[in-house]
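Note that ligands are numbered from 1 as they come in the structure, with each ligand's atoms numbered from 1 the same way. Scope of the values below: all heavy atoms of this structure, side chains included, with no hydrogens, waters or symmetry mates.
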Amino acid sequence: MPRGQFYSFEGIDGSGKSTQAKRLADLLRARGRDVVLTREPGGSQGAEDIRRLVLEGDPERWSAETELLLFTAARRDHLERTILPALDRGAVVVCDRFADSTRMYQGLSRGDLRGTVDALHGMMIGIEPDRTFLIDMDPSKGLARALSRRGGEERFETFGMELQMRMRDGFRDLAREFPDRIVVIDGDRAPADVAAAVAAALP
Ligand code: TYD
């Protein structure tokens with residue numbers, strides 16, 4: 001079956017991964033590819049609606065389990081309506097966050113839900129990116145960047161430095177768990193240098 005490529009970007013808040021996702025999309029378009037640049041939570045109408053439910057308002061609004069279900073519901077809609085149709089027509093999908101964020105944020109940060117995250121992923125999502133770029137960054141630098149541009153979405157960034165440190169370690173552990181898929185990219189460099197490292201790590 002003809003199939004496009006699926007790339008994701010991961011990292012702590014403020015790591016610069018959104019900038020890098022956009023740069024990779026631009027690079028691939030310049031190479032003549034049909035590129036869909038998208039993000040999670042979001043990337044389809046329904047998933048953007050769920051994004052507002054989960055990222056805005058009182059941070060204590062949802063239990064960890066409910067939050068996991070909302071992120072997974074958003075991902076399922078995004079998959080059905082945006083990602084799979086693009087891959088089916090042979091496009092490249094560049095996604096700012098995907099299931100590794102759920103493995104980290106819901107699986108690790110709010111109690112040990114990793115087993116549940118993986119079970120739900122297996123049942124409802126079932127695909128992994130062809131390559132995941134982990135933009136690795138010192139949390140003190142990442143947090144400063146995230147806080148300097150915060151809008152209404154304070155859900156996660158307010159959890160602060162301790163969480164960011166655990167997230168960074170967790171993401172690096174995840175890269176060791178999936179060594180064929182996840183490439184660790186040093187994000188503490190000029191954006192053009194980070195982009196060059198990403199391009200060099202394309203499969
Ligand atoms: P994002 O818009 O990527 O924020 P940032 O650019 O600041 O990194 O993601 C919003 C938040 O949602 C982020 O703190 C991570 C969180 N998140 C989860 O907790 N679980 C998930 O499955 C996803 C996709 C994101």
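- Residue contacts with ligand 1 for M167 are absent, since no atom lies close enough (heavy atoms, distance under 4.0 Å).
- Using a 4.5 Å heavy-atom cutoff, the side chains of M167 and Y105 are in contact.
- Using a 4.0 Å cut-off to heavy atoms of R75, the atoms of ligand 1 that qualify are 22 (O), 24 (C).
- Distances shorter than 4.0 angstrom do not occur between any heavy atom of E67 and any atom of ligand 1.
- Residue E40 has at least one heavy-atom neighbour below 4.0 Å for each of these atoms of ligand 1: 24 (C).
- For the residue pair Q5 / R33, a side-chain donor-acceptor distance below 3.5 Å is found, with atom types taken as modelled.
- Contact annotation: for K17 versus ligand 1, heavy atoms closer than 4.0 Å belong to the side chain alone.
- For ligand 1, the polar-atom distance check finds an N/O of R51 within less than 3.5 Å of one of the ligand's N/O atoms.
- Of all atoms in ligand 1, listed by their number and element, those nearer than 4.0 Å to a heavy atom of Q106 are 18 (C), 19 (O), 20 (N), 21 (C), 22 (O).
- At a threshold of 4.0 Å, the pair R172-E10 does not count as salt-bridged, since none of the basic side-chain nitrogens sits closer than that to a carboxylate oxygen.
- For the ligand labelled ligand 1, residue M104 lies outside the 4.0 Å heavy-atom shell.
- The atoms of ligand 1 that sit less than 4.0 Å from any heavy atom of L55 are 10 (C), 11 (C), 12 (O).
- Not counting sequence neighbours, the partners of E80 by the side-chain contact (heavy atoms from CB on, under 4.5 Å) test are R76.
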Hey, can you pull the donor-acceptor pairs under 3.5 Å for the side chains in residues 188-203, sequence neighbours left out?
unit_1 : atom_1 : unit_2 : atom_2 : d
D188   : OD2    : K141   : NZ     : 2.7
R189   : NE     : D186   : O      : 3.0
R189   : NH2    : D186   : O      : 3.1

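- Taking the six-membered ring for Trp and the full ring otherwise, the centers of F6 and F98 sit less than 6.0 Å from each other.
- Neither the backbone nor the side chain of V54 has a heavy atom within less than 4.0 Å of ligand 1.
- Of the candidates F9, F98, F71, F71 brings a heavy atom nearest to atom 18 (C) of ligand 1.
- For D173 and R166, the salt-bridge test fails: no basic side-chain N is under 4.0 Å from an acidic carboxylate O.
- Nearest to atom 4 (O) of ligand 1 by heavy atom, out of D13, T102, D96, L70, is D13.
- Minimum heavy-atom separation, V35 to A25: CG1-CB, 3.8 Å.
- Distances between N or O atoms of Y105 and those of ligand 1 include no value under 3.5 Å.
- Between R114 and E177 there is a salt bridge, since at least one side-chain N of the basic residue sits less than 4.0 Å from a carboxylate O of the acidic one.
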